[in-house]
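All remarks here apply to the structure that follows.
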Amino acid sequence: MFREKYRQVERMLQACTGEEDVLLTGGGDHADLASTVAFKLAKQRKKAPQQIAADLAAEIAALPDLGDIRVEATGPYLNFHFGDAYLRASVQRAIEPGYGKLPRRPERVVLEHTSANPNGPLHVGHIRNTIIGDTLARAFRKAGYPLEVQYYLNDMGRQIAIVSWGFDTLGIERNEGEKADHYVARVYVAANRAMEKDPGTVTEIDRRMQLVERGDAETVQKFRAAVSLCAEGIKETLAQLHGSHDRFVWESDFIRIGDVDRIIDRMKRLPQAHEDETFWIDLSEVGIEKKYILRRSDGTSVYSARDLAYHTWKGRNYDRVIDILGADHKLIGAQLSATLPLIGENPPEIVYFEFVSLPEGSMSTRAGKFISADELIDEVTAKAMDEVTSRRPELPGEERAAIARSVTIAAIRYDIVKIIPEKSTVFDWKEALDFERQSGPYIQYAHARACSILEKAGEFETAFEYSTEHEIALAKHLARFPVVVEQVVAELRPHLLAAYARELADLFNAFYHYDPVLRSEDVTRSSRLTLVDAVRNTLQESLETLGIDALRSM
RNA sequence: GGGCUUGUGGCCUAGCCAGGACAUGGCGUCAGCCUCCUAAGCUGAAUGCCGGGGGUUCAAAUCCCCCCAAGCCCGCCA
């Protein structure tokens, strides 16, 4: 609804000014839309911007297709206000099930996220990747795109060689009830310590990596067993976070099916290719001075070569290829993106996110210095359970536990997705355990309140008459939801959705406080109930897109 | 040393790409609101030279240049 009005105002302004760009912005407190085009015209028309704005306002006010839009000049600014018909239509659309779903798109999208090395559990840094990626995935589906979500599973890296060696030589048993990925991490940390004491083991690690590259069945099997075990635990954590993947892509498959060899053969014909003891690409012509090494002197392929094969495959099978990567991948991401076009393949769109560190410094799986996602979930769940128990002591334990689990995921996902990815953050327990404003549970709470009102109201006729400040602000905000979904997928910025949902909850809470629903009468009552239903529906759709449960009661 | 990213009240944070009307919101502090639809809520108050310095513009948190600080990267690791 907002988009239609925006287009209409834009067309009218373009017609009246002859300008292509009419400098439309959100009007903030002043208007629903505003234009500063008068400043731009002041020079060419040699008149004061105030005068131009006044003239334009008069001209537009006389247009026949203005509808319920009101236009006025406030100094040099042209302000547009939307009227009753807009409010009515906005609320009407927002009560439809599935509100915000955009028309079906033909472009097939593949989105890769998380893809953490399977040598230990996901930690609080990895889940920033998961949550940004999964929220984007949900937004793409909401925006009508056919989508596949992938996890690129490294089953042939050095870390995995170390784990497999650890399993074979250290004899570490899995503890009772120990989660698979935590067990793998314990073996990995122990193996690293053992290697530090006896540097001779490095040779054995190198030997295993060569065997895997050659496809030695026994070694491949050992690697895969270790990776599968760890992935089992990682999948459990992902499921708890409401993150999901359609496909796990095994890195070694690109060697096994010959894609890596084919890529390197194609690369050899490039003028930028160099073959001495290693095989590498010279990217200095695009400003990357670093050698992009694809094959080692011992003949084995480097990660970069497998990555090229993987992205070539994705580029051929999908129209948009999106990767979510940590900021530490910026250089190799740039190398990958610069190299693919050289062989006529499409580079991916990459969303980088900066690091999450601990107050005492950066995290390290190898050193065993990290807060695992599982530990975070456990701590937050315990706090959530306390909260639920103190607020709703009458509920059965089972139900309280279910609410606590939902609140936990809401708190964790929202805390992470609300921050722009470019900002590095320091993990803070106090913030993680805060369920007040600007939190996921705060938005869930607004939704539960709306549900509670509707439940008490029973049957009612829909009506759309709005006059109070809070009703109008709410109706106008509802209209923007589809635009936000569109913007999130266009700009790959999921935090916009987090901000939108919080603003909607803020507006609803103010409305809830000032405008009684159940105690009002006649058309006011039914109009407000209709508005509450529209808010309930839009919050539910927003929360779902954020991967958060829209609880009916909490 | 080079590259990328960030720097917004005591703390956290949006706005910056597409420059415009009093810079968004939260935490914390202080003062209020539960005979009234769930107080995970609402209201009010105090707190800002938008890292620093130049420039462009009628107009700069936003664009350009320089500087400072922090994080990350600069492996025949992944």
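A, B, ... follow the sequence lines: proteins, then strands. Residue 1 opens every chain.
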Report which part of the nucleic acid [X] touches: base, sugar-phosphate, or nothing (heavy-atom distance under 4.0 Å, all strands).
X: Val407(A); answer: base
X: Ala448(A); answer: base
X: Met554(A); answer: base
X: Val302(A); answer: sugar-phosphate
X: Val356(A); answer: nothing
X: Glu289(A); answer: nothing
X: Tyr352(A); answer: nothing
X: Asp29(A); answer: base
X: Gln444(A); answer: nothing
X: Ser553(A); answer: base
X: Leu23(A); answer: nothing
X: Asp276(A); answer: nothing

Does [N] have its OP1 or OP2 closer than 4.0 Å to a side-chain nitrogen or oxygen of [X]?
X: Lys291(A); N: C76(B); result: no
X: Arg502(A); N: U24(B); result: no
X: Arg493(A); N: G15(B); result: yes
X: Arg437(A); N: C27(B); result: no
X: Lys456(A); N: U38(B); result: yes
X: Arg366(A); N: C77(B); result: no
X: Lys290(A); N: G2(B); result: no
X: Tyr442(A); N: C27(B); result: no
X: His329(A); N: C4(B); result: no
X: Lys43(A); N: C58(B); result: yes
X: Ser297(A); N: C76(B); result: no
X: Tyr512(A); N: A39(B); result: yes
X: Arg296(A); N: A78(B); result: yes

Expressed in angstrom and rounded to an integer, what is the separation of [X] atom [atom1] from [N] atom [atom2]?
X: Gln50(A); N: A21(B); atom1: CD; atom2: P; result: 15 Å
X: Ile332(A); N: G3(B); atom1: CD1; atom2: P; result: 20 Å
X: Arg208(A); N: C77(B); atom1: CZ; atom2: P; result: 18 Å
X: Tyr514(A); N: U43(B); atom1: OH; atom2: C1'; result: 5 Å
X: Leu474(A); N: C37(B); atom1: CG; atom2: P; result: 19 Å
X: Ile420(A); N: G15(B); atom1: CD1; atom2: C1'; result: 10 Å

(message) Just checking Phe508(A) against His447(A), ring centres under 6.0 Å apart?
(response) no
(request) Determine, for Tyr512(A) and Arg449(A), whether the Lys NZ or Arg CZ falls below 6.0 Å from the six-membered ring centre while staying within 45 degrees of the axis. (result) yes
(message) On the six-membered ring of Phe2(A), is Lys476(A) placed so that its NZ or CZ lies under 6.0 angstrom from the centre and within 45° of the ring axis?
(response) no
(message) Check this for me, if you would: do Arg525(A) and Asp522(A) make a salt bridge, where the nitrogen-to-carboxylate-oxygen distance has to be below 4.0 angstrom?
(response) no
Determine the interatomic distance between [atom1] on [N] and the same-named atom on [M]; round to the nearest Å.
N: G20(B); M: U57(B); atom1: C1'; value: 11 Å
N: G19(B); M: C73(B); atom1: P; value: 34 Å
N: A60(B); M: C50(B); atom1: C1'; value: 11 Å
N: G48(B); M: C11(B); atom1: P; value: 12 Å

(request) Using the six-membered ring for Trp and the full ring for Phe, Tyr or His, decide whether Tyr77(A) stacks on the six-membered base ring of A21(B) (centres under 5.5 Å, planes under 30°). (result) yes
Kindly indicate whether the side chain of [X] and the base of [N] share any N or O donor-acceptor pair separated by less than 3.5 Å?
X: Asn509(A); N: A39(B); value: no
X: Thr36(A); N: G20(B); value: yes
X: Glu354(A); N: A70(B); value: no
X: His30(A); N: C22(B); value: yes

(message) Check the orientation of Tyr152(A) and Tyr310(A). Use parallel for under 30°, tilted for 30 to 60°, and perpendicular for over 60°.
(response) parallel
(request) Please work out which of the three classes, parallel, tilted or perpendicular, describes the rings of His126(A) and His123(A), given edges at 30° and 60°. (result) parallel
(message) Can you work out whether Ala34(A) or Ile453(A) has the more 5'-proximal nearest nucleotide on RNA chain B?
(response) Ala34(A)
(message) Closest-nucleotide mapping onto RNA chain B: is Asp515(A) or Lys330(A) further toward the 5' terminus? I mean the 5' end.
(response) Lys330(A)
(message) What's the closest nucleotide to the side chain of Arg519(A) if the choices are C36(B), A21(B), A78(B)?
(response) C36(B)
(request) Specify the glycosidic conformation (syn or anti) of C36(B), with syn defined as within 90° of 0. (result) anti
(message) Checking the side chain of Tyr442(A) only, and the main-chain atoms of Phe435(A) only, is there a donor and an acceptor separated by less than 3.5 Å?
(response) no
